Amino acid sequence: MGTSTRWLVLSITGGLILLGIALFRPDFLFYQDTPASGKSTARANAKQVTRDIHLFTVEHEANHGGKEVEVYRFDPGFITVVKGEKIRLHIHGFHGKKHHFSIPSFQVNSEVAKGEVTTVEFIPDKVGTFEIICHDHLSPQHEGPMIGYITVVPS
């Protein structure tokens, strides 16, 4: 058998195997967020994967107009998630004694202390860009504003 014939036989065999998998186990080849009917089921929800994201409370020092200043930030300051995706957000307290934070658009309210990790879970149900706000550092007089952003894109 020539090289061309071998490649043809291998290609056809591989195609038939993939076709068989697609017919009998479509979830193996294709990601399915919801069933074809578009309705959520307990089985579909049970398969939902939780995405872990880590944010850090960070202090930046700078000289501003001849004056030493400290500013707190979330790092990274911007994260992107998918609408309907289950999010497990881990906030690591690196700097500052304590940070009371909220994500008002997703009814998240909590706090993180220095040396600790606080974990919150939510499912973003709307598309747009939303704030993660530290209520201890809202203005320049309080080493802020300490605000991060979550951009939710369509699924």
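The figures that follow rest on heavy atoms only: side chains count, while hydrogens, waters and symmetry mates do not. As the structure is a computational prediction, the values presented were derived from the model and not from experiment.
- At least one side-chain heavy atom of Ile53 sits under 4.5 Å from a side-chain heavy atom of Ile87.
- Annotation: salt bridge (Lys or Arg N to Asp or Glu O under 4.0 Å) contacts of Arg88 (sequence neighbours excluded): Asp52, Glu121.
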Validation: residues 66-75 side-chain donor-acceptor distances under 3.5 Å, sequence neighbours left out:
unit_1, atom_1, unit_2, atom_2, d
Glu68, OE2, Asn63, ND2, 3.4
Arg73, NH1, Pro145, O, 2.3

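- Among pairs with a residue in residues 122-131, those fulfilling side chain to side chain donor-acceptor pair (under 3.5 Å) read Thr129-Thr151, at least two apart in sequence or across chains.
- Residues Cys134 and Ile147 are not in side-chain contact: their nearest non-hydrogen atoms beyond the backbone lie 4.5 Å or more apart.
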Discussion item. Please evaluate residues Phe101 and Ile91 with respect to the criterion side chain to side chain contact (heavy atoms under 4.5 Å, CB included), reporting the C-alpha separation (whole Å), side-chain torsions for both, the decisive distance (0.1 Å), and the verdict.
Written reply: CA-CA 10 Å; Phe101 66 91; Ile91 300 187; 3.5 Å; yes
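- Nearest heavy-atom pair across His135 and Ser102 is NE2-OG, 2.6 Å.
- Side-chain contact between Val152 and Val82 is absent, with no heavy-atom pair separated by less than 4.5 Å.
- Counted within 6.0 Å of NE2 on His60, heavy atoms from surrounding residues, nucleotides or ligands total more than 12; the atom is thus considered enclosed.
- Within the 4.5 Å cutoff, side-chain heavy atoms of Ile132 are placed close to those of Leu55.
- Counting Ile, Leu, Val, Met, Phe, Trp and Tyr side chains that sit under 4.5 Å apart, directly or through other members, Phe56 shares a hydrophobic cluster with Val58, Phe94.
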Side chains of residues 110-120: which donor-acceptor partners sit under 3.5 Å, not counting sequence neighbours?
unit_1, atom_1, unit_2, atom_2, d
Glu111, OE1, His100, NE2, 2.8
Glu111, OE2, Lys98, NZ, 3.2
Thr118, OG1, Glu111, O, 2.7
Thr119, OG1, His90, ND1, 2.8

Item to complete: Could you please spell out the steps behind the side chain to side chain contact (heavy atoms under 4.5 Å, CB included) verdict for Ile103 and Phe122?
Response: CA-CA 10 Å; Ile103 309 170; Phe122 63 97; 4.0 Å; yes
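- Pairing each heavy atom of Glu59 with each of His95, the nearest pair is N-ND1, 3.2 Å.
- Side-chain contact of Thr57 with His92: a donor-acceptor pair under 3.5 Å is absent, judged by distance alone.
- How far CG of Leu89 is from NE2 of His54: 9.0 Å, rounded to the nearest 0.5 Å.
- In terms of the salt bridge (Lys or Arg N to Asp or Glu O under 4.0 Å) criterion, residue partners of Glu85 (sequence neighbours excluded) are, by chain and number, Arg51.
- Side-chain rings of Phe106 and Phe130 approach one another, their centers coming within less than 6.0 Å.
- Using modelled atom types, no side-chain atom of His137 and backbone atom of Gly144 make a donor-acceptor pair closer than 3.5 Å.
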